[in-house]
Undergrad: 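Sharing a structure here in structure tokens format.
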Amino acid sequence: MEKSHCLDCFLLVLCLFASLVSSQTSPDSPTMEKLKASLKIPSSLNWSDPDPCKWPHVGCKNQRVTRIQIRLQNVGGTLAPDVKYLSELQIFEVMNNQIGGPIPSFAGLRQLQVANFHTNNFSSFPADFFTGLSSLSQIYLDYNPFDPWEIPESIKEATTLTTFSANKVNIQGRFPGLFDYVTFPSLQNLHLAMNNLTGELPAWLAGSSISSLWVNGQSLNGTIQVIQNMSSLQEVWFHGNRFSGPLPDFSMLYGLQQLSLRDNQFTGVVPMSLINLKTLHIVNLTNNELQGPTPKFADGVNVDMIPGLNRFCLDDPGVACDERVNILLSIMEAVGYPEIFADNWKGNDPCNNWLGIACAQGNIVSILFVKKGLTGTISSNFSKLTSLTTLVLSGNNLTGTIPEELTTLPNLTRLDVSNNNLYGEIPSFSSKVALITFGNPGLGKDKPPRPEGMSPGGSPGGGGLSGNGVKKSNRFFI
Ligand SMILES: *[C@@H]1O[C@H](CO)[C@@H](O)[C@H](O)[C@H]1NC(C)=O
Ligand SMILES: *[C@@H]1O[C@H](CO)[C@@H](O)[C@H](O)[C@H]1NC(C)=O
Ligand SMILES: *[C@@H]1O[C@H](CO)[C@@H](O)[C@H](O)[C@H]1NC(C)=O
Ligand SMILES: *[C@@H]1O[C@H](CO)[C@@H](O)[C@H](O)[C@H]1NC(C)=O
Ligand SMILES: *[C@@H]1O[C@H](CO)[C@@H](O)[C@H](O)[C@H]1NC(C)=O
Ligand SMILES: *[C@@H]1O[C@H](CO)[C@@H](O)[C@H](O)[C@H]1NC(C)=O
Ligand SMILES: *[C@@H]1O[C@H](CO)[C@@H](O)[C@H](O)[C@H]1NC(C)=O
Ligand SMILES: *[C@@H]1O[C@H](CO)[C@@H](O)[C@H](O)[C@H]1NC(C)=O
Ligand SMILES: *[C@@H]1O[C@H](CO)[C@@H](O)[C@H](O)[C@H]1NC(C)=O
């Protein structure tokens, strides 16, 4: 029958056409062959078919390669620079192999979402890698023996990044100033641990939405106050650096689960805002110079806080310090808990040979903090040390005013604040107090002296002398 014959013909043509199409190899075939050759793909991976779209661990769409996923396949060799011609590539994963040589540029791969190079033997990372990578969401470079490098400026083109992970890859220099929130609104994971970064945490971190920040195991220093506004933080790994100063206020870190601060030089009292944090799961504080009472965290918090490796007054968690210790620590809070005092002040008895402290019958009678590099203010809490006869704070960099409260110290005979940066009215002390105030250009004036040109509207030379006996104390604190 003619009709069925025709149908046969049609089916035959269709069959022929289909087999023609299927035998047609991908336009990415030459590039993939180069890649296969440079990578020394083991035969076990069976990249043998003429069509790379049939290779195991390779994915295609419309005959174009979109995925290469060869993790843990014993792959060696090097990565051919031709990868950047795989213009439809979305996912590239070669982690856990032994691939060496330089990572080639991926510039222009606009579809690329994931690039994972971790745990290989790559020798370097190119400056133009990120050029045009406008879809990149995650990149992992960790554990490669790169030549010393810095994160290149081209990263700023990868504005859709959520994860930048580069632990132990020999990154040098200052903490990168590149990942600000405006450029990287989606960044969640910034992992830069075990590199050779130096200097302080940058201010741009404050406004970021980062939830996991790993910078442990290098030489970062300065304080970590910048994290107190990073309310998206869940994991903070800062251990094994040279961070110092007091811990920040944690009350805005609503989601913090892991806080690893061990092996640094933190000082000061562990704040209640941390101890009371409901979300906290792991906290590592061992080997710092933390002061005050040993913190008592809620049951269920995993605490790494080996006794004797901080400067807590007592080893028992939650037990209050001696009142004299509390007063001295509140005084130190006003000068940022300097390390020389944190290091020296051991135990719970300030009369036991503490730096700058002299006692009589267990009462603190003399405080000599001469040229100790103190910056900050004079705490009004000195007035709680009622046995004080001598208070010498000369040769530091103290600012603010002389607290009125000091006039209440009944036995004070000597107050020396010479050579600081104090300002404002001098409170009136009893005539038995020898008051030494020279070397404070702002004392007697009602505004702090400022370097010229730095104070908008501030008149050089201060706001004029304050009249004797005129009460205007609060003005000085504004
Ligand atoms: C290797 O791939 C070819 C072509 O895709 C296939 O015919 C063959 O069965 C595969 N061999 C093994 C051992 O998987
Ligand atoms: C890694 O690369 C170096 C050269 O850069 C080479 O000497 C070494 O053998 C390689 N290691 C492995 C495990 O392939
Ligand atoms: C870089 O850091 C590694 C540890 O991550 C360390 O072994 C190495 O000595 C450091 N290199 C330099 C030059 O500081
Ligand atoms: C931090 O280290 C740098 C050198 O890397 C040094 O110049 C700077 O003074 C240090 N800052 C602090 C606060 O210790
Ligand atoms: C951090 O928060 C405090 C208090 O809300 C605010 O005064 C300060 O300006 C903020 N700092 C930054 C860098 O956002
Ligand atoms: C932090 O403490 C937890 C819980 O004790 C522990 O499992 C982890 O290994 C500690 N981290 C470091 C870096 O020591
Ligand atoms: C004085 O000490 C108290 C109790 O420790 C503290 O709450 C307060 O902030 C301190 N005042 C100053 C000015 O340091
Ligand atoms: C002040 O000194 C007198 C005489 O030395 C002494 O008796 C008194 O206890 C002292 N006051 C305080 C509060 O220590
Ligand atoms: C005091 O601090 C100012 C600015 O903070 C600084 O320029 C100056 O060198 C410091 N003086 C001393 C003696 O440390």
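Read the numbers this way: they start at 1 and go in the same order the structure lists the ligands and their atoms.
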Undergrad: Hey, is K384 touching ligand 7 through its side chain, its backbone, both or neither, going by heavy atoms under 4.0 Å?
TA: side chain

Undergrad: Return the residue, atom name and 0.1 Å-rounded distance of the protein heavy atom closest to atom 14 (O) of ligand 8.
TA: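 Result: S387 OG, 2.8 Å.
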
Undergrad: Compute whether any side-chain donor of one residue and acceptor of the other, for N420 and N440, lie under 3.5 angstrom apart.
TA: no

Undergrad: List every atom of ligand 6 that sits less than 4.0 Å from any heavy atom of R262, numbering the atoms from 1 in the order shown and giving each element.
TA: 12 (C), 14 (O)

Undergrad: Decide if atom CG of D147 counts as having more than 12 heavy atoms of other residues, nucleotides or ligands within a radius under 6.0 Å.
TA: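 Check passes, neighbour count above 12.
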
Undergrad: Under 4.0 Å from a heavy atom of N284: which atoms of ligand 6 are those, numbered in the order shown and with their elements?
TA: 1 (C), 2 (O), 3 (C), 8 (C), 10 (C), 11 (N), 12 (C), 14 (O)

Undergrad: Taking only heavy atoms of S380, which atoms of ligand 7 are found under 4.0 Å from at least one of them?
TA: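 In order of number, 13 (C).
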
Undergrad: What protein heavy atom lies closest to atom 8 (C) of ligand 7? Include the residue and the distance to one decimal.
TA: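 Of the protein heavy atoms, N381 ND2, 3.8 Å lies nearest.
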
Undergrad: Look at atom 5 (O) of ligand 6 and say which protein heavy atom is nearest, naming residue and atom and giving the distance to 0.1 Å.
TA: D304 CB, 4.0 Å

Undergrad: Do F106 and F92 have their ring centres less than 6.0 Å from each other?
TA: yes

Undergrad: Could you measure the distance from the CZ atom of F184 to the CG atom of L161? Nearest 0.5 Å is fine.
TA: 6.0 Å

Undergrad: So, T163 and Q138: side-chain donor and acceptor under 3.5 Å apart, yes or no?
TA: no

Undergrad: Counting each atom of ligand 6 from 1 as listed, which ones have a heavy atom of N302 under 4.0 Å away?
TA: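 Selected atoms, number and element: 4 (C).
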
Undergrad: Are A334 and ligand 7 in contact, using a heavy-atom cut-off of under 4.0 Å?
TA: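 So A334 does not count as touching ligand 7.
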
Undergrad: Do the two ring centres, one from F117 and one from F125, sit under 6.0 Å apart?
TA: no

Undergrad: Would you say atom 11 (N) of ligand 8 touches the protein, meaning some protein heavy atom is under 4.0 Å from it?
TA: yes

Undergrad: Taking everything shown except Y181 itself, do over 12 heavy atoms lie less than 6.0 Å from its OH?
TA: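 Open.
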
Undergrad: Students often mix this up, so state it plainly: with edges at 30° and 60°, are the rings of W354 and W345 parallel, tilted or perpendicular?
TA: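 Ring orientation, 0 to 90° scale: parallel.
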
Undergrad: Determine whether more than 12 heavy atoms belonging to other residues, nucleotides or ligands lie under 6.0 Å from atom NZ of K371.
TA: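 No, NZ of K371 has 12 or fewer neighbouring heavy atoms, counting only those of other groups under 6.0 Å.
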
Undergrad: Tell me the contacting part of T386 for ligand 8: side chain, backbone, both, or neither, using a 4.0 Å heavy-atom threshold, strictly below.
TA: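 Answer for T386: both.
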
Undergrad: Which residue from N411, L412, I364 reaches closest to atom 6 (C) of ligand 8 through any of its heavy atoms?
TA: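 Residue with the shortest heavy-atom distance to the ligand atom: N411.
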
Undergrad: I'd like to know if atom 2 (O) of ligand 6 has any protein heavy atom within a distance of less than 4.0 Å.
TA: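 Under the 4.0 Å cut-off, atom 2 (O) of ligand 6 does have protein heavy-atom neighbours.
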
Undergrad: Select one of side chain, backbone, both or neither to describe which atoms of S379 lie under 4.0 Å from any atom of ligand 7, heavy atoms only.
TA: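 For S379, the contact with ligand 7 is made by the side chain alone.
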
